[in-house]
Chemist: 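Please see the structure below; I have some questions.
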Amino acid sequence: MEPHFFQLLDRIRYQAALSALARDGKNLALISQVQALSEHYKEALLERLQLDVPGLEVKTFFPADPDGIVQSFNQVVGQMPVAQALDPKSVELGLKLWVVHDASALPAHELRLLLQLLEKFPGSQVRTLLVYGGVSALPDRLEDFDKSLVRWIVERPSLDQIKEALAQEQDPERMADLRALIQRMAPGGKIGRAHV
């Protein structure tokens, strides 16, 4: 099911994010001050990628175990010939998507190490989706990865944009989902000008 979009720009960025992860060999940082929006689009991306990419392996990581990410990567690369791991055109392995929840809680040096490994060994077919909820920007020094890390910053919708999304939705099931999303976006479950 296609996600709910409050802005045309987010629809465009959603398509760009899918392409970056599935076809362009890039990683994605999904960033929003609104936790519910980062979760909404993360789930939508995962659902769509699992439909579009046969054999996609999804693995989840949490900040409590940052060493687990590097160890997992070493295991993947350790099972491959070096030439294959270094070859960006290598498709011997299926695509693997590593989802890092609450990425802002990981130390910046851990994220930098992960992104450096992914850049150096593109043949591993590992891509990462870094989920940043409740923040407005990436940590310092991750801008060095402009070539391999796509940023999608999801802005908080205005009250008018929320009203327009509600007015345009005709499907009862999607309307219920949209209302639930709006409730999750609003602190205390109240929707009003001060909360959107």
Chemist: Kindly indicate, with the supporting measurements, whether the criterion side chain to side chain contact (heavy atoms under 4.5 Å, CB included) is fulfilled by Ile182 and His4.
Modeler: CA-CA 10 Å; Ile182 293 167; His4 298 287; over 6 Å; no

Chemist: With a 3.5 Å distance limit and no angle check, can you tell me whether Lys42 reaches the backbone of Leu129 through a side-chain donor-acceptor pair?
Modeler: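 Flag not set: sc Lys42 to bb Leu129 has no pair under 3.5 Å.
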
Chemist: So, for Leu149 and Ala29, which heavy atoms are closest and what is the spacing to 0.1 Å?
Modeler: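 For Leu149 versus Ala29, the nearest heavy atoms are CD1-N, 3.8 Å.
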
Chemist: Kindly say whether Leu118 contributes a backbone atom to a donor-acceptor pair with the side chain of Lys120 at under 3.5 angstrom?
Modeler: no

Chemist: Can you check side chain to side chain contact (heavy atoms under 4.5 Å, CB included) on Asp177 and Glu169, steps first, answer last?
Modeler: CA-CA 10 Å; Asp177 290 342; Glu169 188 54 68; over 6 Å; no

Chemist: If you measure only the distance, is there a donor-acceptor pair under 3.5 Å linking the side chains of Glu164 and Gln168?
Modeler: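 Result is yes, a qualifying pair exists.
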
Chemist: Using every non-hydrogen atom in the two residues, find where Ser124 and Lys96 come nearest and quote the distance to one decimal.
Modeler: O-NZ, 3.1 Å

Chemist: Drop me the distance from Leu106's CG to Arg112's CZ, to the nearest 0.5 angstrom.
Modeler: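 The distance works out to 14.5 Å.
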
Chemist: With Leu95 as reference, evaluate Val58, Leu56, Val126 under the side-chain contact (heavy atoms from CB on, under 4.5 Å) test and give the passing residue.
Modeler: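 Of the listed residues Val58, Leu56, Val126, the side-chain contact (heavy atoms from CB on, under 4.5 Å) partner of Leu95 is Leu56.
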
Chemist: What pair of heavy atoms forms the shortest contact from Ala17 to Leu45, and how long is it?
Modeler: CB-CD2, 4.0 Å

Chemist: I'd like to know if the side chain of Asp171 reaches the main chain of Glu173, judged simply by a donor and an acceptor atom lying under 3.5 Å from each other, with no hydrogens or angles considered.
Modeler: yes

Chemist: Run the side chain to side chain contact (heavy atoms under 4.5 Å, CB included) test on Val70 and Glu110 for me, step by step, so that the C-alpha distance in whole Å, both residues' side-chain angles and the decisive distance to 0.1 Å come before the verdict.
Modeler: CA-CA 8 Å; Val70 175; Glu110 293 287 344; 4.2 Å; yes

Chemist: Measure the shortest side-chain to side-chain distance between Val154 and Val34 over non-hydrogen atoms and say whether it is less than 4.5 angstrom.
Modeler: no

Chemist: Taking atom CD of Gln116 and atom CG of Leu111, what is their separation to the nearest 0.5 Å?
Modeler: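 Spacing of CD (Gln116) from CG (Leu111) equals 11.0 Å.
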
Chemist: Answer yes or no: is there a side-chain heavy-atom contact under 4.5 Å between Ile69 and Val100?
Modeler: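 Sidechains of Val100 and Ile69: in contact.
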
Chemist: Can you tell if the side chain of Gln84 reaches within under 4.5 Å of the side chain of Asp87, non-hydrogen atoms only?
Modeler: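 No. Closest side-chain heavy atoms not under 4.5 Å.
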
Chemist: Just so I know, are the side chains of Arg127 and Lys26 near enough to count as touching, which here means a heavy-atom distance under 4.5 Å?
Modeler: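 In short, these two side chains do not touch, never coming nearer than 4.5 Å.
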
Chemist: If you look at every heavy atom in Gly133 and Ser38, which pair is closest and at what distance?
Modeler: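 For Gly133 and Ser38, the tightest heavy-atom pair comes out as CA-OG, 3.4 Å.
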
Chemist: Applying the 4.5 Å side-chain criterion to the ILVMFWY set and letting contacts propagate, would Phe6 and Met175 be lumped into a single cluster?
Modeler: yes

Chemist: Determine whether the side chains of Asn27 and Thr128 contain a donor N or O and an acceptor N or O closer than 3.5 Å.
Modeler: no

Chemist: For a quick test of reading the model, state the closest non-hydrogen atom pair linking Asp102 to Pro63 and the distance between them.
Modeler: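 What the structure gives for the nearest pair is O-CG, 3.2 Å.
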
Chemist: Less than 4.5 Å apart, side chain to side chain, heavy atoms only: is that true for Tyr14 and Arg48?
Modeler: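 They are in contact (side-chain heavy atoms under 4.5 Å apart), so the answer is yes.
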
Chemist: Check the pair Leu130, Leu28 against side chain to side chain contact (heavy atoms under 4.5 Å, CB included), reporting the backbone distance first and the verdict last.
Modeler: CA-CA 6 Å; Leu130 304 172; Leu28 175 68; over 6 Å; no

Chemist: Give, for atom CD of Gln161 and atom CG of Leu166, the distance between the pair rounded to the nearest 0.5 Å.
Modeler: 12.0 Å

Chemist: Under 30°, 30 to 60°, or over 60°: which ring-plane class applies to Tyr41 and Trp152, parallel, tilted or perpendicular?
Modeler: tilted

Chemist: To the nearest 0.5 Å, what is the distance between CD (Glu119) and OG (Ser148)?
Modeler: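 Atom-to-atom, Glu119:CD and Ser148:OG are 3.5 Å apart.
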
Chemist: CD of Gln35 to CG of Leu37: how many Å apart, nearest 0.5 Å?
Modeler: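 Interatomic distance, Gln35 CD to Leu37 CG, rounded to 0.5 Å: 10.0 Å.
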
Chemist: Among pairs that include at least one residue of residues 5-23, which meet salt bridge (charged side-chain N to carboxylate O under 4.0 Å, His left out), considering only residues two or more places apart or in two chains?
Modeler: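 As it turns out, the salt bridge (charged side-chain N to carboxylate O under 4.0 Å, His left out) pairs with a partner in residues 5-23, which skip direct neighbours, are Glu2-Arg11.
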
Chemist: Once the angle between the rings of Phe121 and Phe73 is folded into 0 to 90°, is it parallel (under 30°), tilted (30 to 60°) or perpendicular (over 60°)?
Modeler: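 Ring orientation, 0 to 90° scale: tilted.
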
Chemist: Quick one: OG on Ser72 to NZ on Lys59, what's the gap to the nearest 0.5 Å?
Modeler: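 Going from OG on Ser72 over to NZ on Lys59, the span is 3.0 Å.
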
Chemist: Would you call Met185 and Pro157 a side-chain contact if the rule is heavy atoms closer than 4.5 Å?
Modeler: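 Yes; the side chains approach each other to less than 4.5 Å.
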
